Protein chains: 2
Amino acid sequence: MLTKKQLDLLEFIHKRVQRDGVPPSFDEMKEALDLKSKSGIHRLITALEERGFIRRLAHRARALEIVKLPDALEAKLGQSQSSFKPQVIDGDRPDQRPVAAQSLPTSGAAAGVIDLPVMGRIAAGVPIAAISEVSHNVAVPAAMVGKGEHYALEVKGDSMIDAGINDGDVVIIRETVTADNGDIVVALVEDAEATLKRYRRNGNAIALEAANPAYETRLFRDDQVKVQGRLVGLIRSY
Amino acid sequence: MLTKKQLDLLEFIHKRVQRDGVPPSFDEMKEALDLKSKSGIHRLITALEERGFIRRLAHRARALEIVKLPDALEAKLGQSQSSFKPQVIDGDRPDQRPVAAQSLPTSGAAAGVIDLPVMGRIAAGVPIAAISEVSHNVAVPAAMVGKGEHYALEVKGDSMIDAGINDGDVVIIRETVTADNGDIVVALVEDAEATLKRYRRNGNAIALEAANPAYETRLFRDDQVKVQGRLVGLIRSY
DNA sequence: ATCGAGTTGCTTCTTGGTTAGCATGGGTCG
DNA sequence: CGACCCATGCTAACCAAGAAGCAACTCGAT
């Protein structure tokens, strides 16, 4: 899917985001790939975006984020993730992909809605298998989802109640593999459980904070946690 | 399903992706299969795509990825995978793919939304004038509104925060003039201000409770309070 | 106004995907 | 057995991307 150059750049960006929390500028990428002009970077970036690996805002400095990593890269970088059954891992990203993105609200235009698959429920300690099946779909205002792939989850439990996320709410998740401090994310912990938590990174440590004093913040090494998506919307029915 | 050649090619591609993370070019495949022309490769690739084993972007260099492997190949290559995860993961994706389809928001989805007018903002102590103008519209999943008239309000302030209603949330209100104890309602107090509060009636007294200990419950005679609507839904964007 | 950062146009060279035409060996079907 | 389809092979053009460089332009933020 990717050329060597594209892969190199993607890897570089990923590392920088991991290390600094901030994506590199074109010039930095230019340096990293040992180019003399950043126009080349521009084209590579465009290619990556076209292929769905990154997402970006035009004309915004460093406004890009990694949405997914090719399997090869993930394997290369993510050594330590213990042994686990393939298909489980499979459960996550790769293929729900087609689902969201291209939802250009054609006719519906401004007033559009998008159907997103509800991938199950999520709480503190849900086996990821739970988020690999589509239970049903929900209609979501198109304005809530931007570019990229999205899906929905039903929230179970009260661990995020202080963030205004109640039991039974449906949260809209944008698939990404990165997050900024303070973001609420779906995090896969040790390839075993997915939780909705506030993300905070400190060097190599990642803290997953609940928004409920009754739950403790859990600390992990960065190789124990994989961000699977970021909270972008919430829908509740009374 | 596959001819020998097709299988060979698929295997080769798979190995290369495993090894380099980058799919081979037609020329490389040509070499690998010991052909003298890449047109043959083109046909094989087309066949593989047609049969759903790979996915690709036309006219893009190396833009192809393996979607699934035939059982035979999987068995053959799958030995050592216990400690590895990469490509095996691809294994059963194909099945989830169809999920995608429904994301075409066209007709079906369009029917699933309703445009509601946002009548302004509401908080503790907003002049009713504020809820008489439409500032804009929001798309709301049709499932959220039932019978009756509805409108939306943007919540201002944190008075209902313990009910999971945050500053900036958009609440969907069904117009009614009655409410049951415990409902969250838009109440017009003394014809002067509209607030979003939890409703509780006790004889002739009506209590409007905030969901935030910082605010006091206010008591009124029932002729001082008019229910204007009841909370039925909430939408939040991050 | 100015700086930093992203965007574009244009050029050049290389790599790589697409097509068309023609040929061969295997099967399948009357 | 001959007609025909299909998978393969090969040649040869052809053209579209990928990759790089330089420079000018523009947008956003200060």
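Per chain, numbering begins at 1; letters A, B, ... match sequence-line order. Note that the coordinates shown come from a computational prediction; the quantities given were computed from them, not determined experimentally.
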Protein-nucleotide distance ([X], atom [atom1]; [N], atom [atom2]), rounded to Å:
X	N	atom1	atom2	answer
K30(B)	dG16(C)	NZ	C1'	11 Å
I45(A)	dG6(C)	CD1	P	9 Å
M29(A)	dA19(D)	CE	P	15 Å
R62(A)	dA5(C)	CZ	P	6 Å
F26(B)	dG9(D)	CZ	P	15 Å
M1(A)	dG18(D)	CE	C1'	16 Å
L33(A)	dA20(D)	CG	P	8 Å
L2(A)	dA19(D)	CG	P	10 Å

* Out of K15(A), K38(A), R16(A), R19(A), which one pairs with E28(A) under the salt bridge (charged side-chain N to carboxylate O under 4.0 Å, His left out) rule? ->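 Exactly one candidate clears the test, R16(A).
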* **Sugar-phosphate, base or nothing in reach of A58(A), heavy atoms under 4.0 Å** =>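 Sugar-phosphate contact only.
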* To do: Tell me which of K4(A) and R60(A) sits closer to the 5' end of DNA chain D, going by the nucleotide each one is nearest to.
  =>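 Nearest nucleotide further toward 5': that of K4(A).
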* Looking only at side-chain N and O atoms, does R56(B) come under 4.0 Å of OP1 or OP2 in dG16(C)? ->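 Answer no for this pair, as no side-chain N or O of R56(B) is under 4.0 Å from OP1 or OP2.
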* **Short side-chain N/O contact from H42(A) to OP1 or OP2 of dT7(C), under 4.0 Å** =>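 Indeed, a polar side-chain atom of H42(A) lies that close.
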[N] base / [X] side chain donor-acceptor hit below 3.5 Å:
X	N	result
R43(A)	dA20(D)	yes
K38(A)	dG6(C)	yes
S39(A)	dT7(C)	no

Treating [X] as the side-chain partner and [Y] as the backbone partner, does any N or O pair qualify as donor plus acceptor under 3.5 Å?
X	Y	answer
R51(A)	A47(A)	yes
T3(A)	Q6(A)	no
N204(A)	D222(A)	no
N212(B)	D158(B)	yes
R236(B)	G164(A)	yes

Taking the side chain of [X] as its heavy atoms from C-beta onward, which of [options] lies nearest to it?
X	options	answer
L44(A)	dA19(D), dT8(D), dT18(C)	dA19(D)
K36(B)	dC10(D), dC22(D), dT7(C)	dC10(D)
T3(A)	dT19(C), dG18(D), dA7(D)	dG18(D)
S25(B)	dG17(C), dT7(C), dT18(C)	dG17(C)
Q6(A)	dT8(D), dT7(C), dG18(D)	dG18(D)
L35(B)	dG21(D), dG9(D), dG18(D)	dG9(D)

